[in-house]
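I have placed the structure first, in the form of structure tokens, so that the comments after it can refer back to it.
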Amino acid sequence: MTRFSDRIEIAMSVNGEARRVGVSACATLLDVVRDQLGLTGAKRACDRGACGACTVLVDGRRIYACLALAAAQDGKRVVTIEGLAPGGELHPIQRAFVAHDALQCGYCTPGQILSAVGLLGEGRATDEATVREQMSGNLCRCGAYPQIVAAIREAAGV
Amino acid sequence: MTVRNGSATPRIDAVVKVTGAARYEGDTPMTGALHAALVAAPIASGRIVRVDDAAALQMTGVACVLTHANAPRLAGSTSPIMLQDPTVWFVGQPVALVLAETAWQARLAAAAVEVHYEASPAITTMHQALDRAYAPASAGHVATDSLRGDPERAPRACEIAQRYTTPTHNHHPLEVPCVMARWQGDALLVHATSQAVFAHRRRLAAHFGVPVDGIRVVSRLLGGGFGAKGSAWFPCLVLGVLAARHAGRPVALELTRAEMFTLIGRRQETIQQLRLAATSRGELTAIRHDTIAQTSAFGEYADPTATVSRVLYACPSVATTHRLVRVHAPQPNPMRAPGEGPGSFALECALDELAHALGLDPLELRVRNHADHDQHSGLPWSSNSLRACYRAAADAFGWHARPAQIGSLRNGRSVVGWGMAAACYPVYRMAAQAEVALDRDGRVIVRCGTQDLGGGTTTILAQLAAAALGVPLAAITVEIGDTELPEGPYSGGAHVSASVTPAVEQAARTLRHQLIERAVADAASPLFGHPPGGVAIADGLLTGSGRSESLAALVARTGRLACTAHDAPDPEPRVSAYAHGAIFAEVGVDPDLGAIRVQRISAAYACGRILNPLLARSQLIGGLVGGIGMALHEQAVTDSRTGRVLNTNLADYAIPVHADMPSFDIALVDEHDPHLAGGVKGIGMIGTVGVAAAIANAVYHATGRRIRDLPLRLEQLIA
Amino acid sequence: MRPFDYARATSVCDALELAAARPGAVFVAGGTDLVPLWKDAVCAPPAVIDISRLPLGAVEVGDREIAIGALARMADVADHPGIGAAAPAIAEALRASASGQLRNAATIGGNLVQRTRCSYFRTAGFSCNKRAPGSGCGALGGDDRRHAIFGASEHCAATHASDLAVALVALDATVDLVGRGGAGDAGGDRAVAVGELFVTPGDRPDRETVLRPGELIRALRVPRTALARRSCYLKVRDRASFDFAVVSVAAALHIEAGVVRDARLAAGGVGTVPWRLRGSEQALAGARPGEPAFAEAAARATDGARPLGHNGFKLELLRRCVRRVLDELAGAA
């Protein structure tokens, strides 16, 4: 059986750009976007799906890039924080984060923002309690949680 | 000079942080670097007998394996982490370091290194050796023990004697510590997550026996620290530098999250015995606060845990002690609100117990024991607005409506409880240098070799310079985190703002003065010949008698101008300086299922001059969130049979999530402190002080259960 | 941490053939449990078979049963309006699981076969009979707060981590399994009740399910009954979200003419497998809702429980959880 391989060629749309990448069978999407594509906005903070700092959108859905095998993302549409403000115009969530001071050290911020964008896309940002519950997969050790939720509520209009 | 609060401007690095453009040190590896991975000891105590690295050395990409046998020797006092000898002191201690072309290859090879040990008996928790507690040389920066009056013979109508415990905590900034080192001869370039670039530079020079001037340490942007990227992380930083020295190539070492539980410090576990005595009217007559805490088998560190009891209340007889137990466990170090954080849990819970025993409102008890000066040092307060904090937070909270009856507030199924606590944190200041320069292109550069952990130092520096110089914030560029800059303080103890403010303001004022002098002396300037006293600078424009010239035009013609200033704290202070706060918390407890949720917190803080109210509020909330973690969630658990930490990931070491958040109501009490240069007290620590006690006291008010062991867990309410 | 090879399956038959061709290869879909276990060297498969593109993601709420494809994502099942109405316990269990990101990636089949959260299992330095058979159990006599009061042996007391599985056990769900040489892409070869899918550790803690090597979960089937319609899931956890259950209970009541015709209760966080509370069910069958049956059902929830050093509180907590869900279900119209 030769179908098993330790390297795979994959094609992805990354921030709107078609990319072909050769990836190791055991590489995660996080490894590939950070180390091969140089998109370092996604952070390797826990590397076990427990903190959310690596959150990216795949086909519009927020996931933890540190748990997703890169090989399985062939043909997918990936958006990282670098692709959220093409042309320099901030996304409404990004603008709200700035206005509400919804960040301190900034390390969890790309993940928080992409999680919020995903959440809005899912149509689940319906009220404060739901936003808190739905954002609980993104840790912030600086403790910017209330400002983050305020920013999301403003952007979501709830 | 006018000392006034700054404006609530958004942080100047917000846009780079929300767009992912912010480059943390680990985001740009050095080209040509080897990657390091560590091999950790699985035993708590013993010796390395033999290291078999033959298999690892055969693996793809592996350059070399460092052990105590072949690592370059370091001068001075070293840590067991630095691979200098074969003794093992704790589970997780690095015993070998593998260098390979990629991080992945290094990790694979590290798993293939076989280390043989001779194990010795180990003390794996401090409870196994409480009888061996000893007095350390100091508690933080202060004396180990204190005594005033005679606590044993003090009169008492009412007495509280209880034992409180706090567990081991880990800092867990979300950014994992990393170091990249490149040697060229005896010159060294280090990019690292460092809370202390200058201190790390000095210590590197000492260990490697090379000139300080040849070493450059850079740490421009930090993804949090909370104490984990200072002295406790330094031994690992040395490992990276050591490996680069050995390999003759640049080396990158990035820790794993699991390694952050053992290699970069921890908040030590404590057992605190509190004894309070009071008159029937609630006047404190005696306080005894005795602390036993964990230290490692190889190093000594004691948080100033009981010191809060020396100063927070008026009391004629106070005794405090700090004792340590040596454990074959990781080395403790300061973590956000060291000392006052866990110490205030015990003191402020005991105060609550005393209030209930006396039938007094807990707030009233504190007001009655307000200290009108620092009774420990005998010095007057530089300023003390604790009573204003009580009023502001109590009013916002609605404390006056608190029913004395336990369990009398309900909200649907949950029982609601209200609790409060006072907080204080000492004002620390360090020497600081700063330069403010006006470049030929009209940009203002603020240069200071301190760091920004995330609290907003960068923004504060820009605001201070902009205001003192008279230029818009957008004209300012801030350079920090580099030993090429004027020396700034290390980041910790909430002292950066208090330390750098006078120097930056002084440098900016001097620059302003010199620019005016230059303009009026320059024949090409519209302000030529004008009396300097009549020239103002605002919005980047020099103006006098209706004539004006932009600063940019002036320097474009006359050249760059830079001014440096230095400020150091008074070596013999004549006042005692503390920030103060009052915290009121409401919890909801499910009386059947034991679940505790914090529903709202009102807190007021008096921290001197506030440089940016927006950022200050954020940082205080951040401290409170840390306090909620301390109250309800955080605990590093050690398996006592092996000495190994059990929950070495962020799923099992629980820090609060969005859903755990209460609503916050933060008041910043106006406080003018004429005794502090710059008027700043610092806000990074105090938010974490008192929170756990306020929450525990609220749980008591809801349930009648007095939980004296952190974290508060549902089983303590079910039993 | 050992490198593995990768192959992408194009059909169910293909997946089974790939598995047969490579001993030790494991199926992966969302990867949310496998990847961290692999990173922590808890498992070291020589190869993974990516089944994420197989057409097994459909969710169908029929008149008589709910069919959930094994590759349906947790979030999609939780949000499916038909499931919320027909079997609220399933939707509630899924919503109380993990985090938004994990629910978007993790599949239903993967959720069922996720490994225990026991720290002794998940940290390679400890003894663990599940991870390294014969090495001993670090948890027994160690930190066992999170461990089981039901179904443990002297070799293992690790709890099963899935919220969903608890709800499924309560709702009499079955899983369709396919193996090599069977129906393959056409359908399942055998159906196993979720309650029978998991096995208690006994002296083989490394064996967790009755799945045969190379066998694949194809789908879940949940009978659409009056019982399922009146069901709920209660989860008690330390954090308010993104945390595993300290104790959880799924319950379903069929009340007709003022009498409990049928009752199902199962508990999570307390058993080495999702634990059916048969004593509680017996106390309810044929009784009138409310006192004294609910008190009796709560009391009997801990029939056969054997607490360890630090988890004795789970007995009282479990009884109170049972009482709470019964009160809620009886109160719900």
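Reminder, nothing fancy here: chain letters follow the sequence lines and each chain counts from 1. Please read these numbers as outputs of a predicted model, since none were measured by experiment.
- Ranked by heavy-atom pairs under 4.5 Å with chain A, the list B:P656, B:A103, B:P173 is led by B:P656.
- For B:V657, the parts sitting under 4.5 Å from any heavy atom of chain A are the backbone and the side chain alike.
- Per-residue counts of heavy-atom pairs under 4.5 Å with chain A were compared for B:P10, B:G224, B:G622, B:A8; the largest is that of B:G622.
- When side chains are defined from C-beta on, B:S618 counts as touching A:Q104, because their heavy atoms get closer than 4.5 Å.
- A salt bridge links B:E634 with A:R141: the distance from a Lys NZ or Arg NE/NH1/NH2 to an Asp or Glu carboxylate oxygen falls below 4.0 Å.
- In this structure, the portion of B:L453 lying under 4.5 Å from any heavy atom of chain A is its backbone and not its side chain.
- In this structure, B:L174 and A:C51 approach most closely via the heavy-atom pair CD2-CB, 4.4 Å.
- Under a 3.5 Å cut-off, the side chain of A:E133 and the backbone N or O of B:A659 do not form any donor-acceptor pair.
- The contact list for residues 143-158 of chain A toward chain B, using heavy atoms and a distance under 4.5 Å, reads A:G143, A:Y145, A:P146, A:Q147, A:I148, A:V149 by residue number.
- Between B:M661 and A:R132, some side-chain heavy-atom pair lies under the 4.5 Å cut-off.
- In this structure, B:T256 and A:D47 have side chains that are not in contact, with every pair of non-hydrogen atoms separated by 4.5 Å or more.
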Note to self: If you apply the rule side chain to side chain contact (heavy atoms under 4.5 Å, CB included), what do you find for A:C26 with B:W104, and how did you get there?
What the structure shows: CA-CA 10 Å; A:C26 356; B:W104 164 250; 4.1 Å; yes
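- Salt-bridge formation is not detected for the pair B:R617/A:D101: no Lys NZ or Arg NE/NH1/NH2 atom is positioned less than 4.0 Å from an Asp or Glu carboxylate oxygen.
- By number of non-hydrogen pairs under 4.5 angstrom with chain B, the leading residue of A:G106, A:G41, A:C140 is A:G106.
- Contacts between B:E254 and chain A at a heavy-atom distance below 4.5 Å involve the side chain alone, from C-beta outward.
- Across B:G223 and A:C105, no two heavy atoms sit closer than the pair C-SG, 3.3 Å.
- Contact tally against chain A (heavy-atom pairs below 4.5 Å) for B:V625, B:I655, B:V176: the top residue is B:I655.
- When each of B:G456, B:G20, B:G26 is checked for heavy-atom pairs under 4.5 Å with chain A, B:G20 comes out on top.
- Neither the backbone nor the side chain of A:L39 comes within contact range of chain B; no heavy atom of the residue lies under 4.5 Å from a heavy atom of that chain.
- Neither the backbone nor the side chain of B:L624 comes within less than 4.5 Å of any heavy atom of chain A.
- Both the backbone and the side chain of B:L614 come within contact range of chain A, each with at least one heavy atom under 4.5 Å from a heavy atom of that chain.
- Considering only heavy atoms from C-beta on, A:T40 comes within 4.5 Å of B:R23 through its side chain.
- The backbone N or O of A:L103 sits nowhere less than 3.5 Å from a side-chain atom of B:K17 that would complete a donor-acceptor pair.
- For B:P662, the part lying near chain A is the backbone, with the side chain staying farther off; criterion is any non-hydrogen pair under 4.5 Å.
- Interface remark: B:A22 contributes backbone atoms only to the contact with chain A (heavy atom separation under 4.5 Å).
- Counting heavy atoms from C-beta outward, A:K43 and B:Y24 have side chains that approach closer than 4.5 Å.
- Two residues are said to be in side-chain contact when any heavy atoms from C-beta on lie closer than 4.5 Å; A:L84 and B:T19 fail this criterion.
- When all heavy atoms are compared, the tightest approach of A:I81 to B:V18 is CD1-O, 3.3 Å.
- Of the two parts of B:N649, neither the backbone nor the side chain holds a non-hydrogen atom closer than 4.5 Å to a non-hydrogen atom of chain A.
- For chain B, no part of A:Q134 is nearby; none of its heavy atoms comes within less than 4.5 Å.
- When heavy atoms are compared at a cutoff of 4.5 Å, A:R95 does not approach chain B at all.
- Counting all heavy atoms, side chain and backbone alike, B:D27 lies closest to A:R34 at OD1-NH2, 2.8 Å.
- A 4.5 Å side-chain heavy-atom check between B:F226 and A:C142 finds at least one atom pair inside the cut-off.
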